[in-house]
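Structure record follows, encoded as structure tokens.
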Amino acid sequence: MHISEGILTAPVLTGGAVLTTVGTAIGLKKLDYDRIMTVSLLSATFFVASLIHVPIGPGSVHLLLGGLLGLILGWGAFPAIVVALSLQAIFFQYGGMLVLGVNGTIIAGPAVLCGLLFHPLLTGTRKKQMTAGFLAGFCAMFLSAVLMAGALYLSDSGFLRVAGLVLASHFPVMLIEGVITMFVVSFLARVQPEILSLTP
Amino acid sequence: MIDEPFATGSTLFHKRDPKIKIIGTTAISMVLALCTSIPVAATGCIITAILLSFSRPNFKLLSRRLIQVNIFTLFIWITLPLTYGKGETIQLSFLNIHLDGIRMAALISLKTNGILFCFLALLATSSTSSLGHGLEKLGVPRKLSFLFLFTYRQLFVIHQEYLRLQRAAKLRGFTPNNSLHTYQTYSHLFGMTLVKSWNRGERIHQAMILRGFNGRLIPLTQPQPGKADYYFLFVMLLISLFLAGLSFVSVSQ
Amino acid sequence: MNTNPPLLELRNLTYSYPGQKGSLLQNINFTISKERIGFIGPNGSGKTTLFQIIMGLLQVDEGEILLHGTTIETDKDLFTLRKKLGFLFQNSDDQLFSPTVLEDVAFGPLNHGATPAEARNISIQTLEKLGLKGFEDRITHRLSGGEKKLVALATILSMKPEMLLLDEPSNNLDPATRERLIKILRSQDLPHIIISHDLDFLASTCAQLYTIQDQQLIRCKAKQIHSHEHIHPYGDQPHQHGT
Amino acid sequence: MNTNPPLLELRNLTYSYPGQKGSLLQNINFTISKERIGFIGPNGSGKTTLFQIIMGLLQVDEGEILLHGTTIETDKDLFTLRKKLGFLFQNSDDQLFSPTVLEDVAFGPLNHGATPAEARNISIQTLEKLGLKGFEDRITHRLSGGEKKLVALATILSMKPEMLLLDEPSNNLDPATRERLIKILRSQDLPHIIISHDLDFLASTCAQLYTIQDQQLIRCKAKQIHSHEHIHPYGDQPHQHGT
Ligand SMILES: Nc1ncnc2c1ncn2[C@@H]1O[C@H](COP(=O)(O)OP(=O)(O)OP(=O)(O)O)[C@@H](O)[C@H]1O
Ligand SMILES: Nc1ncnc2c1ncn2[C@@H]1O[C@H](COP(=O)(O)OP(=O)(O)OP(=O)(O)O)[C@@H](O)[C@H]1O
Ligand SMILES: [Mg+2]
Ligand SMILES: [Mg+2]
């Protein structure tokens, strides 16, 4: 789930950069220094998720878990994800600095949106919690794929069919993200509900 | 797995100030990213390859990195010639190959690799922590560079923690397959890592408070860029200008 | 071929960590069938490394590992070996990852083909045997250090291993839990290898001692009686001695 | 009021964790001025908790803490107390958070008003004193366990504390680093309180021992010479005794 630098046009790159800057700024504003260490650790954990390969069908995919981070951190997920992405860029050269804006919007935007949207469900029964987890994971990934396809299409309408391909190929990933997020939410709710801002 | 294999070395590139290198990378990769002509992209790719060779990267590691990134390019080469453009096509048995698509795929490959070379030559030759400090000096908000530096510091600890749990699962006969049990196990491994991270965050926060931290991160002064750094910056900007000029000429033709 | 090959045999094992000059372990030969063995030796001599090699977590440079006379080669052999040898980590926090105790203890049996109902039964029995009845639904992460150690032991015993490898099991245990562990290990009818710096613990649980010296695994002279005196202030407090 | 109040005084401290029934610590009274004191006692008796209370990380239910005769009340008092008492955590990974060693050691001085240049000098000196010269630009997470412990100590010493609180400092150290730490602690002209289960370590670094029994902090009988004999097989191997 990364777009590399050579594909997008200036308007799309600029648009992504602006959106990511705004999102990060809001996230940072809502984040006081008392929480910054926790957010750093979660950001690092998010990075580690991208090193976990989960089998699906004959192949495997690596996790993203943006929706989960959104549930835990709300707006704080935005800077956390941007930092993790920039570290990935440095370590693995998956997409450079210029596309950081676009990649940030693609991944962190849906993560925050889904986190805020589904968090209220977490206060409900176990079943509701798991539903919230699944939806957050699935929808965040779905929206990310839509945004990615959109960024490609906006750059060059000739990419239309490729964009469709990207969207379709991410469908299994959405399911995996949903299922894993569901189980992790259920794990956290039992083991340490404070992480989800729930009272034990 | 997480490592900075290119950051050690003592070449001209390793010695440059990280701020300068960040500016240089941004300038060159911006010109490359926005260019639309194959000759310009090819020229850029050659120049950045030369830059990269000056930083003397480990060849084996370099080729591995190149292969990783070019798996994506391969995807482009498979899809674009079949889907991109309306112009001439070549009939290859039952496939319609679009020439526009091939042109586009070539352009993207050149740009992607050019930017990658530039990145490896300039940024990968600095340690991540010095880049973090460099970002702060360049006006990135302090909270963000703070987050960046601490996240970097914790990556290794957390990754190790995850790997140890994964090992425990393996020893108890866990063999990943397409099953709900597999997904649940990964969730538990990750969930436990998350719980540990959360609690560690709390303890580290205490450690910071005990050392007088009150919400303001005071940087320890970093070395200032010297004359050589400014010359270096000048050359990098010159390269970007040259490429930008070439683009301009090729567009107006 | 032997009519009765040993449970575990190490032949000419040599190992060095990548990038290390010189071997950490050289030409290790060792067999165990029914014995209860202790490994003692200075920090960094390679005891934990040897356990990791046996469990197939590290690849040896040379030599082979045999289980019941069969060399471990394929992934399937390794899977079997990991079922038959139960490895207790030095740090229980690295070993427990399920939300509740029961889920953690049932994890091994489930992976080795037990049905959920069977796994549950085995787990409950194992917990009972270790005096952990009623712990089934406790959150593993919130247990005390000693309780975690015993639950970690349960996660291994539920796989019905034929032998135990225990890495410093008595570390950070308070005296009561330590005694309980000794009792449990004695009542198990299983051979084991225990790494420990705690000689009293080894004396109560093992019949033979080995040590690692000059990259070699050496058997200590049997039952050499040793006596020394020590004098210090505050000896009336429960205490332990450094290496 | 005393003409010379003690460096640190605890008066009638009572503490229980939220949601716990009964107090963990009850009516603790304690003073220290120049002494070198060891805390020993069973797991879970509240030793680490007591350190956290002293450092103002946990709020007591009752009682007060006095530094040089002044009760700690305001945030400013607390800030001063945290500078004057250096607390070494049990786990160094929880204490080191900067990418490089120098940044970590300079963190305290910078927060306490040193200029970057001063902080850098103090840090370099502190590192030198601990035999860590040349470690300035090392990446903290790549250090070995023993090196991390010494760097963690440096991060505290660079704040020029008047007293040290050390939580199980000798844990997981190899014998050489352990000896080095003993030498360092002896050469420091600072009072300290050390929590440890390792009596030899305490004997080499402390002159008095306290223990926690029945929620109370009790001073052990001074210099009671204790002698016992032990006999066991394999005593020729380096070893330690369990609690
Ligand atoms: N992953 C690794 N890479 C390189 N060297 C390692 C690694 N793990 C351990 N070592 C080194 O190998 C040596 C043996 O380590 P090992 O953990 O096996 O010792 P040990 O005998 O178990 O010691 P202890 O009594 O302290 O547990 C040590 O010097 C250690 O530093
Ligand atoms: N955050 C917490 N919430 C509730 N109980 C806690 C918490 N931290 C510790 N405890 C409990 O308080 C008791 C004292 O813990 P503490 O860590 O102070 O013991 P200790 O004497 O340092 O033991 P050890 O020798 O094992 O380090 C233990 O029973 C522990 O389970
Ligand atoms: Mg070991
Ligand atoms: Mg403690």
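The sequence lines fix the lettering, A, B, ..., with proteins before strands; numbering per chain opens at 1.
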Answer whether the closest heavy-atom distance between the side chains of [X] and [Y] falls below 4.5 Å.
X: B/T175; Y: C/D75; result: no
X: C/F97; Y: B/T193; result: no
X: B/R164; Y: C/Q95; result: no

- Task: Determine the minimum heavy-atom distance between B/L171 and C/M159, stating which atoms define it.
- Result: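 Smallest interatomic distance, heavy atoms only, reads O-CE, 3.8 Å.
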- Query: Between C/D93 and B/K196, does a side-chain contact (heavy atoms from CB on, under 4.5 Å) hold up when you go through it step by step?
  - Reply: CA-CA 10 Å; C/D93 273 326; B/K196 288 181 175 181; 4.1 Å; yes
- Message: Heavy atom to heavy atom, less than 4.5 Å: which residues from residues 56-67 of chain B reach chain C?
- Response: none
- Can you name the residues of residues 16-29 of chain B that have some heavy atom under 4.5 Å away from a heavy atom in chain C? none
- Message: I'd like to check the side-chain hydrogen bond (donor to acceptor under 3.5 Å, both in side chains) partners of C/N91; sequence neighbours left out, ordered by chain and number.
- Response: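 Partners of C/N91 under the side-chain hydrogen bond (donor to acceptor under 3.5 Å, both in side chains) test: none.
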- Got a second to check how far B/M192's CE is from C/D104's CG, nearest 0.5 Å? 7.0 Å
Between [options], the one whose heavy-atom pairs under 4.5 Å with chain B are most numerous:
options: C/L96, C/L110, C/T140; answer: C/L96
options: C/S98, C/P99, C/A152; answer: C/P99
options: C/G108, C/S158, C/P109; answer: C/G108
options: C/E103, C/H141, C/K83; answer: C/H141

- Count the heavy atoms belonging to other residues, nucleotides or ligands that lie under 6.0 Å from CZ of B/R167, then report whether that count exceeds 12. yes
- Message: Under a plain distance cut-off of 3.5 Å, with no hydrogens placed, do C/N111 and B/H181 share a side-chain donor-acceptor pair?
- Response: yes
- Query: Where on C/M55 is there a heavy atom nearer than 4.5 Å to chain B: the side chain, the backbone, both, or neither?
  - Reply: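 For C/M55, heavy atoms of backbone and side chain both lie under 4.5 Å from chain B.
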- Query: So is B/R172 actually on top of C/F87's ring, under 6.0 Å and inside 45° of the axis?
  - Reply: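 Negative - B/R172 is either too far from the ring of C/F87 or too far off its axis.
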- Pairs satisfying salt bridge (charged side-chain N to carboxylate O under 4.0 Å, His left out), at least one member in residues 31-55 of chain C, at least two apart: none
